[in-house]
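So you know, we letter chains A, B, ... as the sequences are listed, proteins then strands, and number each from 1. Values below: every heavy atom of this structure, side chains too, minus hydrogens, waters and symmetry copies.
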2 protein chains.
Amino acid sequence: MEQEVFKDMLRKKGLKVTNQRMLVLELMAERPGEHLTAEEIYDLARQSCPEIGLATIYRTVQVLVDLSVIDKVSFDDGFARYELGGFNRESGHHHHHAICSRCQKVFSFKGDLLDTLEQALLDTEGFMVTDHEVKLHGYCRECREKMEEDQDGK
Amino acid sequence: MEQEVFKDMLRKKGLKVTNQRMLVLELMAERPGEHLTAEEIYDLARQSCPEIGLATIYRTVQVLVDLSVIDKVSFDDGFARYELGGFNRESGHHHHHAICSRCQKVFSFKGDLLDTLEQALLDTEGFMVTDHEVKLHGYCRECREKMEEDQDGK
DNA sequence: TTGCGTGCAAATGATTTGCAGAGAT
DNA sequence: ATCTCTGCAAATCATTTGCACGCAA
């Protein structure tokens, strides 16, 4: 059970197992692939724990990030966002995001296609890559279809 | 002369050519490859124009970004940063950044190695990429050497 | 018990905005 | 003359922090 693993991670770091921490973990675990803001997590958390404070959410996601349970990502809309396990144990890298410029929807996908680039960087510059972060901007299928319709409509 | 091109770009958009706008352009043009915060640009600008306001800097960089003269980038340290022409007219893409986790220095380089990835995304998901943003995290040569020394020292 | 964790409210700090005067066309 | 731009100060707003109490160990 995931919960026990998490409890051990907390204890191993000398941190306490609290209802709030378990609740936020649960919320995130129920929503793989989603990119939630602190405020969104706060709203979800209040449904089962109305007295929880926003500051606790901020402090808890920081703990979860430190434990590598969730990742902090930004799509430059003014909010930090958090997502479950973007980190792939096999590749040792985080997955990528494609953001639609029209509907702002985010598509996640894995990709080890930077390996050659990273090897070249080590060879030529001596820079050793430990992690990467890729954001693609463009238009998703749905929006491209809508944009064509708008074009035809004229 | 670059200056005239810029003036035409402003006029074409119905914007006015002001000393402040020319000054900020000049500062950025003198520093290719640097990633300046608004505050840093402000400090540089005040050297030749002490009465300039920080708000003007923010408004001016926005204009420059809109004209694609500079790019806004973030290295997640709490500041937006601006750099001259990260956009490559040939590839139609922005260049990439490698950030050292130890000294925070930023290394820029071009790379069209995402082309296959982007083609695959279009084929499988229907997502058409218009631009990409790649941030690599790791350790630069200098820091790696220092880290080895520290290791040896023990 | 002994602190760490929490909730609340206040503080922070980068960025934005309202407004009246200055400057560009 | 007209209307945008600028400088200043105040506002904004996500995130952080101080503090007293509550709860995990």
Side-chain angles (χ1 to χ4, degrees), chain A residues 3-4 6-27 35-67 70-82, chain B residues 3-4 6-27 35-67 70-82:
Chain A
Q3 312 242 337
E4 292 308 317
F6 178 55
K7 288 184 184 176
D8 281 343
M9 294 172 84
L10 288 173
R11 292 187 189 115
K12 203 161 293 174
K13 286 245 179 182
L15 301 170
K16 292 182 177 173
V17 175
T18 66
N19 293 330
Q20 291 88 336
R21 283 172 180 166
M22 295 311 292
L23 172 58
V24 172
L25 171 72
E26 210 170 317
L27 291 176
H35 311 89
L36 303 169
T37 64
E39 204 82 33
E40 286 167 346
I41 298 171
Y42 179 48
D43 289 341
L44 290 169
R46 268 192 299 183
Q47 290 174 16
S48 34
C49 179
E51 68 278 16
I52 200 168
L54 181 54
T56 299
I57 303 297
Y58 277 104
R59 286 185 280 228
T60 303
V61 291
Q62 187 56 58
V63 168
L64 290 168
V65 167
D66 291 343
L67 294 173
I70 62 174
D71 293 314
K72 186 177 186 173
V73 294
S74 170
F75 301 131
D76 301 308
D77 57 356
F79 304 90
R81 290 170 183 278
Y82 301 89
Chain B
Q3 313 242 335
E4 292 308 318
F6 177 56
K7 288 183 184 176
D8 281 342
M9 293 173 85
L10 287 173
R11 293 188 189 110
K12 203 161 295 175
K13 287 244 179 181
L15 302 170
K16 291 183 176 171
V17 176
T18 65
N19 293 331
Q20 292 88 335
R21 283 172 180 167
M22 295 312 290
L23 173 57
V24 172
L25 171 71
E26 212 170 314
L27 291 177
H35 311 90
L36 303 169
T37 64
E39 205 81 32
E40 286 167 346
I41 297 170
Y42 179 48
D43 289 339
L44 290 168
R46 269 192 299 183
Q47 289 175 16
S48 33
C49 179
E51 67 278 17
I52 200 168
L54 181 54
T56 299
I57 303 297
Y58 277 104
R59 285 184 281 229
T60 303
V61 291
Q62 187 56 57
V63 168
L64 291 169
V65 167
D66 291 343
L67 294 173
I70 62 174
D71 293 314
K72 185 177 187 174
V73 292
S74 170
F75 300 131
D76 301 309
D77 56 356
F79 305 91
R81 290 168 183 279
Y82 302 89

Value for CG (A:L67) from CD (A:Q62), rounded to nearest 0.5 Å, stands at 10.0 Å
Taken to the nearest whole Å, CD/A:Q62 to C1'/D:dT17 is 14 Å
To the nearest angstrom, the OH-P distance between A:Y58 and C:dC8 comes to 16 Å
Separation of D:dT15 atom P from B:F79 atom CZ, nearest Å, is 16 Å
Rounding to the nearest 10°, end axes of the helix from C:dT1-D:dA25 to C:dT25-D:dA1 built from five pairs each make an angle of 30°
CD (B:E39) and CG (B:L44) are apart, to the nearest 0.5 Å, by 11.0 Å
task = Name the nucleic acid region contacted by B:R21, choosing base, sugar-phosphate or nothing; use a 4.0 angstrom heavy-atom cut-off, strictly under.
result = sugar-phosphate
Distance col, row B:F6:CZ vs B:R11:CZ, nearest 0.5 angstrom, shows 10.5 Å
(message) Please classify the nucleic acid contact of A:G14 as base, sugar-phosphate, or nothing, using heavy-atom distances under 4.0 Å.
(response) nothing
In whole angstroms, the gap separating P of C:dT25 from CG of B:D8 amounts to 12 Å
Query raised in the report: Any side-chain heavy atom of B:R46 within less than 4.5 Å of one from B:D43?
Result: yes
*asked:* In the structure I gave you, are the side-chain heavy atoms of A:R21 and A:L15 within less than 4.5 Å of one another anywhere?
replied: yes
For residues A:L36 and A:L27, determine if any side-chain heavy atom of one lies less than 4.5 Å from a side-chain heavy atom of the other. no
If you look only at distance, which donor and acceptor atoms sit under 3.5 Å apart when one is on a side chain in residues 48-59 of chain A and the other is two or more places apart or in another chain?
none

Here the distance between atom C1' of C:dG3 and atom CG of A:L10, to the nearest Å, is 16 Å
### Test item: B:L23 and B:T60 side chains (from C-beta on) under 4.5 Å apart, heavy atoms
no
Expected list for residues 41-57 of chain B near DNA chain C, using heavy atoms below 4.0 Å, is B:A55
Taken to the nearest whole Å, CG/A:D77 to P/C:dT16 is 14 Å
Tested for side-chain contact (heavy atoms from CB on, under 4.5 Å) against A:V24, the lone hit among A:N19, A:I70, A:L64 is A:L64
- Query: If you look at every strand shown and take non-hydrogen atoms under 4.0 Å, does A:Q20 touch a base, only sugar-phosphate, or nothing?
  - Reply: sugar-phosphate
In 5'-to-3' order, the base (B), backbone-only (S) or no-contact (-) status of each nucleotide in nucleotides 20-25 of chain D, using a 4.0 angstrom heavy-atom cut-off, is ----BS
Residue set satisfying salt bridge (Lys or Arg N to Asp or Glu O under 4.0 Å) with B:D66, at least two apart, ordered chain then number -> none
For A:F75, the ring-ring contact (aromatic ring centres under 6.0 Å, His included) test, sequence neighbours excluded, returns A:H35, A:H97
Per atom distances to the A:R59 side chain, the nearest of C:dG7, D:dA14, C:dT17 is C:dG7
